[in-house]
Amino acid sequence: MTPATDDQAPGIHVGPDPDPRLEQAVRDGGGQVVGRDEAVGVVFHSDTDDPAQSTALVTDRTRWVQLPHAGVERWTSNGLITTDPVWTSAAGAYGPQVAEHAFALMLAGAKELPVAARATTWERHPGRMFAGSTVALVGYGGIGRCLLPMLAPFGCRVLAVTDSGPAEGADMTVARADYRETLPEADFVVLLAALTPETRGMIGAAELDAMRANAWLVNVGRGGLVDTDALVTALTENRIGGAALDVTDPEPLPDGHPLWTLPNALITPHVANPPEAHDAALAERVTENVRRFVAGEPLLGVIDPEAGF
Ligand SMILES: NC(=O)c1ccc[n+]([C@@H]2O[C@H](COP(=O)([O-])OP(=O)(O)OC[C@H]3O[C@@H](n4cnc5c(N)ncnc54)[C@H](O)[C@@H]3O)[C@@H](O)[C@H]2O)c1
C-alpha cells in the first residue's frame, strides 16, 4: 500500500449508515470521515450483513474496503473480493472473546453441563476433569492464538493445525492437510478454521467415527465446517461424548431441531462475540488499519480471494 501523499488526511466513508464510534475510530487512525463519492477507503458495517450493501459503497476512487466480520465466506463465495481495491476482514480482532467462549464450551463439555444443570440428584454423577486433556485446535489463527495460552494452567496437551510453521506453545503442530491425525488423539476437537471450499464439511461421519468415544466437538468457527446430519447421528448413537456449538448449519437452528434437545449437545446461538466486546474490538481494528492505510503499511486481515479468507 502506498502512503497517502495528500496534505489532507485520506477520506474514509463509514456506511451504509452513520456510526459515531467507527467514525471516531477513523479519526483516531488519522483519516477524515467523508461521503461515499469522495472516499478512498470504506468501512462497512451493517446489521443485515448483506454483501450487496458493501459493494454498493465501492466507487472508482475506492482503494480499500474494511469488513466487520472475521469470517467472510459470504463475500468470497460470491466472488466479491478483489485485490484492487484491497478488502480486509476483522480476522483475529475478536480472538480474546471468542477464545473465552470456546474455553467455556470445553469446560461445559467436561462437566457435562447440559445434563448436570438439569440433574436433581447426584446419583448419576456426570462430568470429569478438564485438566490434562488433549485439545486439538483445528485452525490456528487469531482465535487459536488467544485460546492456546488459556489452556496452559490446565496442563493440556495441545495439537495445533496450521501451515504457518510450528505453533509456539503447542505440543505438536499438524499440517492443515493432515488435520484428521489429531482426531483420535483429542479429548476436545475445537473448530477455529475459516469456512472455505476446502474446509466445508471437514467434520463428517468418517471424522466423527475417528474421534474418541468420550471426546467433545466444540465449534466456534462456522456451522458449515460440520456435516450436521452426521453429527446428529453420532450424538444420538453416543459415538462421541458430545458437541458444544456456537455456530450451526443451518443457522439459526430451527425450532424442533434435534440439536436443541439431545442431552449431549449444547448450543449457544452465535453469541461468542458479545456486542460491547465486538464493537470495541472493531473500532480498535479500524483505527489501526486507518493508521496503516495513512502510513502505507501492510493492512491487517487482508483477504486472499483465492484462499477464501
Ligand atoms: N462464533 C463467533 O462469533 C465468531 C467470531 C469470530 C470469528 N468466527 C469464525 O472463526 C474463524 C476464525 O477466526 P479468526 O479470527 O481466528 O480468523 P483467522 O483468519 O485469524 O483464522 C482462520 C484460520 O483458519 C485456518 N484455515 C484455513 N483453511 C484451513 C484448513 N483447510 N484447515 C485448517 N485450518 C484452516 C487458517 O490457517 C487461519 O489460521 C473465522 O473465519 C470466523 O468464521 C466466529
Side-chain angles (χ1 to χ4, degrees), residues 49 66-77 81 87-106 136-150 159-168 170 172-183 186 189-204 207 217-226 243-249 251-253 266-282 284-285 299-309:
D49 292 338
Q66 172 73 51
L67 295 177
H69 312 288
V72 291
E73 65 281 354
R74 270 171 303 167
W75 278 261
T76 53
S77 63
I81 301 298
W87 292 64
T88 54
S89 74
Y94 308 125
Q97 54 263 43
V98 182
E100 202 174 273
H101 197 86
F103 188 54
L105 292 180
M106 275 191 277
L137 304 179
V138 180
Y140 188 69
I143 300 171
R145 283 192 293 275
C146 289
L147 183 54
L148 194 146
M150 293 181 189
L159 318 174
V161 175
T162 175
D163 283 353
S164 308
E168 201 185 327
M172 196 194 293
T173 300
V174 177
R176 271 154 48 169
D178 300 329
Y179 74 94
R180 290 181 184 85
E181 288 176 9
T182 66
L183 303 176
V189 174
V190 188
L191 304 182
L192 307 166
L195 182 60
T196 68
E198 197 185 321
T199 61
R200 184 173 288 281
M202 71 194 299
I203 301 293
E207 290 75 22
L217 179 71
V218 172
N219 190 3
V220 294
R222 282 290 184 261
L225 300 172
V226 179
L245 314 170
D246 187 56
V247 287
T248 55
D249 178 24
E251 193 173 294
L253 204 56
L266 174 62
I267 309 298
T268 60
H270 210 139
V271 297
N273 198 358
E276 178 53 33
H278 168 277
D279 293 355
L282 179 59
E284 195 178 313
R285 173 59 62 91
L299 299 174
L300 296 175
V302 172
I303 306 169
D304 175 347
E306 296 298 317
F309 65 98

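Whatever order the structure lists ligands and atoms in, that order sets their numbers, starting from 1. Numbers for residues simply follow the sequence, beginning at 1.
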Show the nearest heavy-atom pair for residues Q97 and N273, with the distance to one decimal.
NE2-OD1, 2.7 Å

Could you tell me if any non-hydrogen atom of L192 lies under 4.0 Å from any atom of ligand 1?
yes

Return the minimal non-hydrogen interatomic distance between T199 and A194, and the atom names on each side.
OG1-O, 2.7 Å

Of all the non-hydrogen atoms in the protein, which one sits nearest to atom 10 (O) of ligand 1, and at what distance?
I143 CD1, 3.5 Å

Tell me whether T199 reaches ligand 1 (any heavy atom closer than 4.0 angstrom to a ligand atom).
yes

Looking at G92 and R285, what are the two nearest heavy atoms and their distance?
C-NH2, 3.9 Å

Tell me which one of G92, A70, G142 gets a heavy atom nearest to atom 15 (O) of ligand 1.
G92

Numbering the atoms of ligand 1 from 1, which are under 4.0 Å from a heavy atom of Y140?
39 (O)

Tell me the nearest of V220, T268, N273 to atom 4 (C) of ligand 1, using heavy-atom distances.
V220

If I take atom CG from residue L300 and atom CD from residue E284, how far apart are they, to the nearest 0.5 angstrom?
10.5 Å

Looking only at protein heavy atoms, which one is nearest to atom 37 (O) of ligand 1, and how far off is it?
R176 NH1, 3.4 Å

If the test is side chain to side chain contact (heavy atoms under 4.5 Å, CB included), which one of L147, V218, V161, V138 qualifies with L192?
L147

Quick one, H101 and V271 - any side-chain contact, counting heavy atoms below 4.5 Å?
yes

Considering only non-hydrogen protein atoms, determine which one is nearest to atom 26 (N) of ligand 1 and report residue, atom name and distance to 0.1 Å.
A193 CB, 4.1 Å

Does any part of the side chain of I81, heavy atoms only, come nearer than 4.5 Å to the side chain of V72, both counted from C-beta?
no

Considering distance alone, does some N or O of Y94 sit under 3.5 Å from an N or O of ligand 1?
no

Below 4.0 Å from ligand 1: does a non-hydrogen atom of F309 turn up there or not?
yes

Considering only heavy atoms of G221, which atoms of ligand 1 have at least one such atom less than 4.0 Å away?
8 (N), 9 (C), 10 (O), 43 (O), 44 (C)

Among all protein heavy atoms, pick out the one at the shortest distance from atom 41 (O) of ligand 1; state its residue, atom name and that distance to 0.1 Å.
A194 CA, 3.4 Å

Taking the side chain as everything from C-beta on, heavy atoms only, tell me whether E73 gets closer than 4.5 Å to T196.
no

Ligand 1 to G139, heavy atom cutoff 4.0 Å, flagged ligand atoms 34 (N)

Closest non-hydrogen protein atom to atom 31 (N) of ligand 1, residue and atom name please, with distance?
E198 OE2, 3.0 Å

Among all protein non-hydrogen atoms, which one is nearest to atom 21 (O) of ligand 1, and what is the separation to 0.1 Å?
G141 CA, 3.4 Å

Heavy-atom distance under 4.5 Å between the side chains of T162 and T173, does that happen here?
yes

Of W75, W87, Y94, F309, the residue whose pairing with H69 passes ring pair (Phe, Tyr, Trp, His ring centres under 6.0 Å)
W75

Please list, in number order, the atoms of ligand 1 under 4.0 Å from a heavy atom of R222.
8 (N), 9 (C), 42 (C), 43 (O), 44 (C)

Quick check: closest heavy atoms across A272 and P274, and the distance to 0.1 Å?
O-CD, 3.2 Å

Nitrogen or oxygen atoms of V247 and ligand 1 under 3.5 Å apart:
no

With heavy atoms under 4.0 Å as the rule, classify the contact between L195 and ligand 1 as side chain, backbone, both or neither.
neither

How close does the nearest protein non-hydrogen atom get to atom 19 (O) of ligand 1, and which residue and atom is it?
A91 CB, 3.3 Å

Taking every non-hydrogen atom, the tightest pair across A160 and A170
CB-CB, 4.0 Å

Please determine if H270 has a nitrogen or oxygen closer than 3.5 Å to a nitrogen or oxygen of ligand 1.
yes

Is the shortest distance from a heavy atom of T196 to ligand 1 less than 4.0 Å?
no

Between L191 and L217, is there a side-chain heavy-atom distance shorter than 4.5 Å?
yes

Quick one: look up the protein heavy atom nearest atom 5 (C) of ligand 1 and list residue, atom name and how far away it is.
V98 CG2, 3.4 Å

